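Below: the structure, in structure tokens.
Side chains included, hydrogens not; waters and symmetry mates left out as well; all remaining heavy atoms used. In what follows, chains carry the letters A, B, and so on, assigned in the order in which the sequence lines appear, proteins first and then strands, with residues in each chain numbered from 1. All values reported here derive from a predicted model rather than from experimental measurement.
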There are 2 protein chains.
Amino acid sequence: MIGARVRGLREEKGISLSALARLAGVGKATLSGLENGTRNPTLETLYAVTAQLGVPLTAVLAEPAAAPTVHGAAVHATVLEVFTDADATYELYRMRVSPGTGQLSPAHQPGVTEHVTVFSGVLRAGPADAPSTAAAGGYLRWDSDVPHSYAAVGDEEVTASLLLRYPRR
Amino acid sequence: MIGARVRGLREEKGISLSALARLAGVGKATLSGLENGTRNPTLETLYAVTAQLGVPLTAVLAEPAAAPTVHGAAVHATVLEVFTDADATYELYRMRVSPGTGQLSPAHQPGVTEHVTVFSGVLRAGPADAPSTAAAGGYLRWDSDVPHSYAAVGDEEVTASLLLRYPRR
DNA sequence: AACCACCGTTCCGTAAACGGAACGCCGTGG
DNA sequence: CCACGGCGTTCCGTTTACGGAACGGTGGTT
């Protein structure tokens, strides 16, 4: 599954397995085995690869505790970073919302807030009974202790960053 | 360096190397080598150990030093992601601001905007002549075509995400 | 003292992750 | 048509991370 993430990131960059192996200074056999999950890579190997992909190691490591990716009818989100401090835990996602049907998410714990900055497209999101709208460069924030919705306005896919803040209990 | 973190976490728990190795199901030689940095562990090994320590893998992984970073007197930022679409280019940073002296950044091109979500601490930032303040969970946004400043309020380090938006010219 | 339990390191044979080279496959072009 | 280059996979010899067993050191008990 970490192999799938590496492969996904690589294909997103439009670069071949051979080229990435060359750039990262690892054997093609190594990278092939890593992507296919038939090897158990060392940190050194994994770091060489992720560094060339321009992402932190954490971007490809599955977190059993927190939901690494959130899938839904319209929303696809991948974790960029998880951060914990004395007061709260933060999860930073890269989010895509497909045009068409929206998506409804159930309520989180009280105190949880969501913060969205829109990269491209127009997003309508927030509490299910009172969503707001933001275009590229815009920002939305809401308390997510009630059911909330996400939807792309128009027929363009929305790209955004989503920050989830879980206060310490 | 990752070995030092593992050792620190283990000693924090007041548990011996032998005991942790037994719990995690790895050899004492393996754990010893890992803590002393004389081995280059596989993911499997590292995960077995961190799981017994009760921390996520990310807790012991050093921040990727090879990632592009922007340094300043008080601000330290690393790129998480760069994204380009038809209208603009976005750069998403993880940012830390040290307490004490603030930092002044020169103006960017007209139309460039900055968006900050604070993770921890209290940040005062924005146009140099009219900065705003935000605490953990707060959000700031400003047009950065004028000189702008960043400063930590109080003596706690600020952690935040910074999104820079460069409209297409 | 001797004994014991446990500590962390080192030694060593085995298992496996490594890189390089070969392989088959597929578009391009002479 | 058949080279040719680049692709991803597989084969294979080398390197090295692995666990078990020894080792010396330390503190507690009799």
**Q.** Distance, rounded to the nearest Å, where A:I15 contributes CD1 and D:dC7 contributes C1'
**A.** 13 Å
(Q) For A:W142 and A:Y150, take the angle between the two ring planes, folded into 0 to 90°, and tell me which bin it lands in: parallel under 30, tilted 30 to 60, perpendicular over 60. (A) perpendicular
Q: Rounded to the nearest angstrom, tell me the gap between atom CG in A:L46 and atom P in C:dA17.
A: 14 Å
Q. Taking the side chain of A:T45 as heavy atoms from C-beta outward, which of C:dC18, C:dC7, D:dG8 is closest to it?
A. C:dC18
Q: Check the distance between D:dC18's P and B:L34's CG and give it to me in whole angstrom.
A: 8 Å
Q) Of all residues at least two apart in sequence or in a different chain, which pass the side-chain contact (heavy atoms from CB on, under 4.5 Å) check with A:L9? A) A:L53, A:V55, A:V60
**Q.** Whole-Å distance separating the CD atom of A:E44 from the P atom of C:dA17
**A.** 15 Å
Q: Return each pair, listed once, that meets side chain to side chain donor-acceptor pair (under 3.5 Å) where at least one residue sits in residues 126-135 of chain A; pairs must be two or more places apart or across chains.
A: A:R124-A:T133
**Q.** Residue A:R22, side-chain atoms from C-beta onward, closest of D:dC7, D:dA17, D:dT9
**A.** D:dC7
Q) Could you give the CG-to-P distance, from A:L20 to D:dG6, as a whole number of Å? A) 17 Å
**Q.** Any B:T42 side-chain nitrogen or oxygen under 4.0 Å from OP1 or OP2 of C:dA16
**A.** no
Q) Starting at CD of A:E35 and ending at C1' of D:dT9, how long is that distance when rounded to a whole Å? A) 12 Å
Q. Got a sec, which residues hit side-chain contact (heavy atoms from CB on, under 4.5 Å) with A:S149, two or more places apart in sequence or on another chain?
A. A:L104, A:P131
**Q.** All pairs passing salt bridge (charged side-chain N to carboxylate O under 4.0 Å, His left out) where residues 29-38 of chain B contributes a residue, at least two apart
**A.** B:R7-B:E35, B:R10-B:E35
(Q) Can you tell me which nucleotide in C:dG8, D:dA17, D:dT9 comes closest to the side chain of A:R7? (A) D:dT9
Q: Round to a whole Å and report the spacing from CG of B:L17 to C1' of D:dG19.
A: 14 Å
Q: Using the closest heavy atom to pick a nucleotide of DNA chain C for each, name whichever of A:N40 or B:S32 lands nearer the 5' end.
A: B:S32
Q) Do the side-chain N or O atoms of B:S16 get closer than 4.0 angstrom to the phosphate oxygens (OP1, OP2) of C:dC7? A) yes
Q: Measure from CG on B:L31 to C1' on D:dG19 and round the result to the nearest Å.
A: 12 Å
Q | Option among B:L46, B:T45, B:N40 that satisfies the side-chain contact (heavy atoms from CB on, under 4.5 Å) test with B:T42 | A | B:T45
Q) With sequence neighbours excluded, what pairs up with B:A21 under the side-chain contact (heavy atoms from CB on, under 4.5 Å) test? A) B:V26, B:K28, B:L31
Give every pair of a protein N or O atom and an N or O atom of nucleotides 20-28 of chain C that lie under 3.5 Å apart, one pair per line with the distance.
none

